Amino acid sequence: MKAFRFIRKISGRLFHRVFFTYSTIIFLTMAILFVFLSEYYSDFIVQREIDKHEAVINEIKSDLQEKHQFVYQGIRHLYLEKSLIEDLAFALQHDYQEYIGYRLDKFSNSDSFVPYNFDIYVKNYFSRDPTVVVLEITNESLGTEYVYLYNHGRWYDSSLYKDRRSNPSENRKEQSDFYIVREQINDPISLDRLGTVSVYFTYDNIERILSLRGETIQGRFLITDEEMNVHYSYGAQAEEILDELDYSAVQKEVKLNETYFIQSVIEPTSNLMITAIIPRNELAPLFTYKLTILSIILFLTFIAIALPYFSLRGYSKRVDQIVLKMREFQEGDLNTRIDKATGNDDLGVIAETFNETLDELNRYINEVYFSKLKQKEAELANLQAQINPHFLYNTLEAIRMKSLAEGGKTTAEMIVQLSQLFRHSLKTAELVSIEDEWNHAHQYIELFKNRFPGQLSSDFKIKESVRHKDVPPFILQPLIENFLIHGFKQHSNENELQITIYDKGNALFIEIVDNGKGIKKDELMNIKSRLRNGEGSSNSIGLANVNQRIQLKYGNDFGVEIDSNPDVKTVVTVRLPLISEVRLHDKSNVS
């Protein structure tokens, strides 16, 4: 159970799962690579040895062909010189005494003091090859035989010579210590058979070919005839493999007590078969190569696992720290932070993103909290500004009726305008149409004009396409009031106020321009700073109040901007989203 719990604990960690999976893949890959390399290299070594043996076989084959060509050229030269072939023909058809007499007569009739006959030619020509041991010229029908020794020691020590001395000629063995090349001699005129030339060569050239390659040549080389009689053998080999040979040019693999690779070639001139037999266990030490490959594979496997382990272990610790900090955050600790590692790897990005997210979350919480407080202050200021409009409206109505009864028409009109302003203030909808907001501002301006007749001119320009768009209530009146209180020149009849409402892109713009007193530079900078920071007084429903309400509702991309040139003009620009929706029903109940 403890082992099972330990395995579950390990498998629950990402580092151990990744490392175990990676190690398994590495082991399997290296095992497959070892098997592949072992088989490939074994086949490569075998094929390399086979190719070497094939090259040796071809050299042996070439050596045998050169011997045949050497003998053929010598006999052909006899036919090219008429005196030589005639001399040889007479020798083969007569006994030695008669041939000697023939030669003396021929020499005496010759103009040359140097004798020249086939006997001299044969001795000179075939002595050029040091591997020639003996040359025999025989006429089988007459029993004539001429023998020329070139290497007395090799001939007298040979098994062929000893066999001939102990056995009659008709029972001579064909197999010997020499490679025999035979050519038939024919009469050049009648083409009748005159005899046979037999040249006996040693296998010294073949011995030399094999000895020069002694470091690489393994196994056994055989030269056999069609009846599988062995003419030449090199190297020791189990006799059982000879039973698997047949007269054919092959390349095959034979499995007996051990594995043998056999390849053979038939030399077409002599019809002898040259065979190479290669035991697998005598090839280059395959076990050593496989052990070397295994050692290299194990070393590479250790490196391939050890390096990622130490690298991943550092990542594992950092992942554990990230998990720990996330659990602390899950438990409500918003001040926890992940230590950012050096470098810009993935875990560093995760740590940085986590920390930035928590910073943003804290900032958002603080902003929302303080925004709610500011909103409550604005609502309280709005409630205080209403000053119980129900009571004021009813009272003003009573005063208006009294004024009309006593003949105060102007006073009655002003009271009507003021009562309509209060009636508008009773509306509690979140949005009102621009037309309603314009009517409210118009009543306020007209009331002010009655107070200062002839001193104020106003101009409203509203783009027809935005007339029915929606805006928050009490946007225009506080801004107009701001001009009338702070910018209006009481001793001038040239006070002008221009209000333009238009849309641009996806935004609605309200632009209020006056030619009043203006604002000094320092004071203007202070006002802009307070607008930018969303600051304002809770008992003010003026410029800052309007800006604060807009930004609380729509964000910092919207609000109020102001610019002024003292004694020239002041421009207040309001930026609002372009809204067109069904407004909430008015919740007021005017009595």
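Predicted model only: the values in this text are computed from it and were never measured. Note: hydrogens, waters and symmetry copies are ignored here, and every other heavy atom, side chains too, is used.
- The structure places CG of Asn335 at 9.0 Å from CG of Leu358, a figure rounded to the nearest 0.5 Å.
- The closest donor-acceptor contact from the side chain of Glu437 to the backbone of Phe474 lies under 3.5 Å.
- Here the closest heavy-atom approach between residue Phe460 and residue Ala441 is recorded as CZ-CB, 4.2 Å.
- With a 6.0 Å radius and a threshold of 12 heavy atoms from other residues, nucleotides or ligands, Asp459 has its CG atom above the threshold.
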Exercise for review: Quick one: do Lys325 and Asp333 satisfy salt bridge (charged side-chain N to carboxylate O under 4.0 Å, His left out)? Show the steps, please.
Suggested key: CA-CA 9 Å; Lys325 295 299 182 180; Asp333 185 3; over 6 Å; no

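- Within the 3.5 Å criterion, the main-chain N or O of Val250 finds a donor-acceptor partner in the side chain of Ser264.
- Counting heavy atoms from C-beta on, the side chains of Arg549 and Leu552 never come closer than 4.5 Å.
- In this structure, the side chain of Asn439 engages the main chain of Glu435 through a donor-acceptor pair within 3.5 Å.
- More than 12 heavy atoms of other shown residues, nucleotides or ligands fall within 6.0 angstrom of atom CZ in Phe509.
- Between Arg575 and Asp557 no salt bridge is recorded (no basic side-chain N to carboxylate O distance below 4.0 Å).
- Taking all atoms of both residues into account, the shortest heavy-atom contact from Leu578 to Lys469 is CD1-CG, 4.1 Å.
- A pairwise comparison of heavy atoms in Ser492 and Gln455 identifies O-NE2, 3.3 Å as the closest pair.
- The backbone N or O of Leu543 lies less than 3.5 Å from no partner atom in the side chain of Asn547, so there is not a single donor-acceptor pair.
- Checking side-chain atoms of Asn58 against main-chain N and O of Glu54 turns up a donor-acceptor pair under 3.5 Å.
- Residue pairs that meet the ring pair (Phe, Tyr, Trp, His ring centres under 6.0 Å) test with at least one member in residues 544-579, sequence neighbours left out, do not exist here.
- Remark: of the listed residues Leu456, Ile499, Thr570, Thr570 is the sole one forming a side chain to side chain contact (heavy atoms under 4.5 Å, CB included) with Asp514.
- For Arg327, the CZ atom is loosely surrounded, since the number of other residues' heavy atoms within 6.0 Å does not exceed 12.
- Counting heavy atoms from C-beta outward, Phe329 and Leu361 have side chains that approach closer than 4.5 Å.
- Looking at Ile305 and Phe27, their side chains come closer than 4.5 Å, going by heavy atoms from C-beta outward.
- Ile562 pairs in a side chain to side chain contact (heavy atoms under 4.5 Å, CB included) with only one of the listed residues (Leu479, Ile512, Val572, Val571), which is Val572.
- Once rounded to the nearest 0.5 Å, the distance linking CD1 of Ile296 with CE of Met30 reads 11.5 Å.
- Within a 6.0 Å radius of CD in Glu494, no more than 12 heavy atoms belonging to other residues, nucleotides or ligands are found.
- Atom CD of Glu481 is separated from atom CD1 of Ile445 by 12.0 Å, given to the nearest 0.5 angstrom.
- Summarising the geometry, atom CG belonging to Leu576 is positioned 10.0 Å from atom CD1 belonging to Ile501; distances are rounded to the nearest 0.5 Å.
- Atom NZ of Lys569 is surrounded by 12 or fewer heavy atoms from other residues, nucleotides or ligands within 6.0 Å.
- Panel note: side chain Asn515, backbone Glu496; a donor-acceptor pair is recorded below 3.5 Å.
- Summarising the geometry, atom CD belonging to Glu561 is positioned 6.5 Å from atom OG1 belonging to Thr573; distances are rounded to the nearest 0.5 Å.
- No more than 12 heavy-atom neighbours from other residues, nucleotides or ligands sit within 6.0 angstrom of CZ on Phe302.
- With values rounded to the nearest 0.5 angstrom, Asn556 atom CG is found 10.0 Å from Asn533 atom CG.
- For the residue pair Leu431 and Pro472, the shortest heavy atom distance occurs at CD2-N, 3.9 Å.
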Point to revise | side-chain contact (heavy atoms from CB on, under 4.5 Å) between Val574 and Leu508, intermediate numbers included | key: CA-CA 8 Å; Val574 182; Leu508 177 71; over 6 Å; no

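- Remark: Arg532 engages no residue in a salt bridge (Lys or Arg N to Asp or Glu O under 4.0 Å) (not counting sequence neighbours).
- Taking 4.5 Å as the limit, some side-chain heavy atom of Lys252 sits within range of a side-chain heavy atom of Ile262.
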Point to revise | side-chain contact (heavy atoms from CB on, under 4.5 Å) between Met326 and Phe354, worked out | key: CA-CA 9 Å; Met326 294 184 72; Phe354 180 81; 3.8 Å; yes

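- When each of Lys449, Glu446, His442, Gln498 is paired with Ser458, the side-chain hydrogen bond (donor to acceptor under 3.5 Å, both in side chains) condition holds for Lys449 and for no other.
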Practice item. Before giving the answer on side-chain contact (heavy atoms from CB on, under 4.5 Å), spell out for Ser457 and Leu497 the whole-Å C-alpha distance, their side-chain angles and the decisive distance to 0.1 Å. Key: CA-CA 6 Å; Ser457 62; Leu497 180 64; over 6 Å; no

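- Taking 4.5 Å as the limit, every side-chain heavy atom of Phe261 sits out of range of all side-chain heavy atoms of His53.
- Of all heavy-atom pairs spanning Gln263 and Ile278, the tightest one is NE2-CD1, 4.3 Å.
- In this structure, a donor-acceptor pair under 3.5 Å is absent between the side chains of Asn526 and Ser529.
- For the pair Glu523 and Lys520, the salt-bridge criterion is not met [side-chain N within less than 4.0 Å of a carboxylate O].
- Between Phe452 and Phe488, the ring planes are tilted. Angles from 30° to 60° get that label.
- Between Asp436 and Ser433, some side-chain heavy-atom pair lies under the 4.5 Å cut-off.
- Taking the charged nitrogens against the carboxylate oxygens, Lys463 and Asp503 do have a contact shorter than 4.0 Å, which makes a salt bridge.
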Review point. Can Ile519 and Asn565 be said to form a side-chain contact (heavy atoms from CB on, under 4.5 Å), step by step?
Key: CA-CA 7 Å; Ile519 306 172; Asn565 189 2; over 6 Å; no

